[in-house]
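Numbering of ligands and ligand atoms starts at 1, following listing order. None of the values given here were measured: they were computed from a predicted structure.
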Amino acid sequence: MNQPILECKNICFSYHNLNGETRALTDISFQVDRGEFVAIVGPSGCGKSTLLSIIAGLLEPESGEIILSEQEKNRIGYMLQQDHLLEWRTIWKNILLGPEISKTMTKEKEQLAIKLLSDYGLLKFKDKKPSELSGGMKQRAALIRTMVMEPGLLLLDEPFSALDYQSRLMVSADIGNIIRNSGITAILITHDLSEAISLADRILVLKRRPATIKRDIPVHLTLPEASPLGARNAPEFQELFSLLWKEISDEYQGEQ
Ligand code: ADP
Ligand code: MG
């Protein structure tokens with residue numbers, strides 16, 4: 001830790017279209033250390049996805065700078081709300097899409113894929129088509145597809161929000177554990193405050209659009225058991241939840 005792998009420096013961004021300009025981000029600065037799990041929360045439409053796209057290099061900031069450590073530069077994994085699995089391919093063929101496209105398929109990649117399938121309880125589904133799996137399983141398959149590329153930095157944009165509440169709790173706990181155990185650095189966007197508290201080391205709260213960072217809150221939970229579901233019983237949980245709730249609802253209050 002304490003070695004930044006990502007620095008966002010004074011990021012500003014606006015969308016331009018026929019209706020004019022929409023300013024989405026203004027002066028966003030923060031850094032993420034290696035191995036950290038950072039959650040970003042903020043009012044709907046404030047610019048969270050835009051920020052993640054800029055970090056991923058999919059959008060150019062209007063001004064400001066994204067600095068990624070050498071090691072992580074070309075090793076960003078991106079996981080979205082929709083699993084985007086290809087229905088005409090088996091789970092096996094879906095999770096090996098990355099190495100296939102980038103022509104980096106090796107025996108080791110195949111072994112890694114087998115290991116991940118087995119770790120995530122999907123090995124016996126490897127020859128099934130996506131539609132034969134539950135929502136949670138498909139999201140796990142999407143995570144395997146991302147992890148097979150051995151990302152140095154994992155960007156997650158509301159990856160659980162398409163799931164029903166029950167699956168969401170299970171899958172987020174599940175995926176949270178996987179990410180934590182792998183020691184991978186992750187940035188999670190979520191509108192679920194409990195999810196942010198139970199998974200992250202730190203929570204950035206964004207102001208409404210144009211977004212800027214309002215709070216940077218460290219999460220230190222004394223856990224009865226070190227699991228994302230157990231975290232919800234930590235004594236500090238409620239206090240953090242109330243604090244986040246207030247920060248976010250103040251943003252909606254300010255809306256004209
Ligand atoms: P969030 O992920 O926090 O809900 P987004 O980053 O998706 O917010 O969007 C931020 C703002 O930018 C929103 O007001 C949205 O309407 C606007 N926006 C997003 N994409 C575009 C686009 N392609 N063109 C114009 N405006 C956009
Ligand atoms: Mg979004």
Side-chain angles (χ1 to χ4, degrees), residues 6-30 32 37-66 68 76-85 135 138-139 142-143 146 151 153-165 167-168 171-172 175-176 179 186-200 202-217 241 243-256:
L6 168 71
E7 280 181 83
C8 291
K9 284 188 167 174
N10 313 102
I11 300 294
C12 296
F13 184 85
S14 303
Y15 287 102
H16 299 272
N17 58 24
L18 289 177
N19 302 324
E21 186 186 67
T22 307
R23 196 154 180 75
L25 307 175
T26 184
D27 202 21
I28 300 230
S29 297
F30 66 97
V32 176
F37 195 141
V38 176
I40 299 180
V41 300
S44 160
C46 77
K48 302 181 293 296
S49 297
T50 305
L51 177 60
L52 219 57
S53 297
I54 290 177
I55 295 172
L58 300 173
L59 290 173
E60 272 287 312
E62 193 173 291
S63 61
E65 209 183 346
I66 298 288
L68 276 162
I76 294 183
Y78 208 154
M79 193 169 152
L80 305 163
Q81 187 172 339
Q82 302 299 329
D83 55 63
H84 293 296
L85 295 171
K138 282 194 276 199
Q139 222 31 11
L143 179 69
T146 310
L153 173 63
L154 188 57
L155 305 177
L156 304 145
D157 194 352
E158 311 225 20
F160 315 122
S161 49
L163 304 174
D164 62 77
Y165 182 69
S167 323
R168 186 187 173 107
V171 176
S172 67
I175 287 185
I179 292 171
I187 303 180
L188 166 76
I189 286 182
T190 177
H191 59 256
D192 184 330
L193 304 181
S194 305
E195 193 172 281
I197 301 168
S198 60
L199 295 176
R202 227 171 105 204
I203 303 175
L204 302 179
V205 183
L206 297 186
K207 270 186 191 297
R208 76 197 147 99
R209 189 170 63 78
T212 189
I213 292 178
K214 188 182 186 195
R215 296 286 302 259
D216 184 340
I217 303 171
F241 188 92
L243 171 65
L244 288 170
W245 182 258
K246 178 164 186 336
E247 293 291 353
I248 305 262
S249 42
D250 283 354
E251 289 308 303
Y252 283 107
Q253 294 282 318
E255 255 171 21
Q256 296 90 4

Looking at CG of L206 and NZ of K214, how far apart are the two atoms once the value is rounded to the nearest 0.5 Å?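 Answer for the CG-NZ pair, L206 versus K214, is 10.5 Å.
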For E60, does the CD atom sit with more than 12 other heavy atoms under 6.0 Å from it, leaving out its own atoms?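 It does not: E60 CD has 12 such atoms or fewer within range.
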Working to the nearest 0.5 angstrom, can you tell me the gap between L156 CG and Y78 OH?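 Here the rounded value is 10.0 Å.
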Under a strict 4.0 Å criterion on non-hydrogen atoms, which protein residues are in contact with ligand 1?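 Heavy-atom contacts below 4.0 Å: Y15, N17, S44, G45, C46, G47, K48, S49, T50, R209.
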After noting the C-alpha distance and the side-chain angles of S49 and D157, does the key distance pass the side chain to side chain donor-acceptor pair (under 3.5 Å) rule? CA-CA 7 Å; S49 297; D157 194 352; 2.7 Å; yes
Are the side chains of S44 and H191 in contact, using a 4.5 Å heavy-atom criterion?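 No; the side chains remain at least 4.5 Å from each other.
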Indicate yes or no: at least one non-hydrogen side-chain atom of N10 is less than 4.5 angstrom from one of S29.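 Contact flag for N10/S29 side chains = yes.
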Any N, O or S atom of S49 closer than 2.8 Å to the Mg ion (ligand 2):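 Under 2.8 Å: S49 contacts the Mg ion (ligand 2) through an N, O or S atom.
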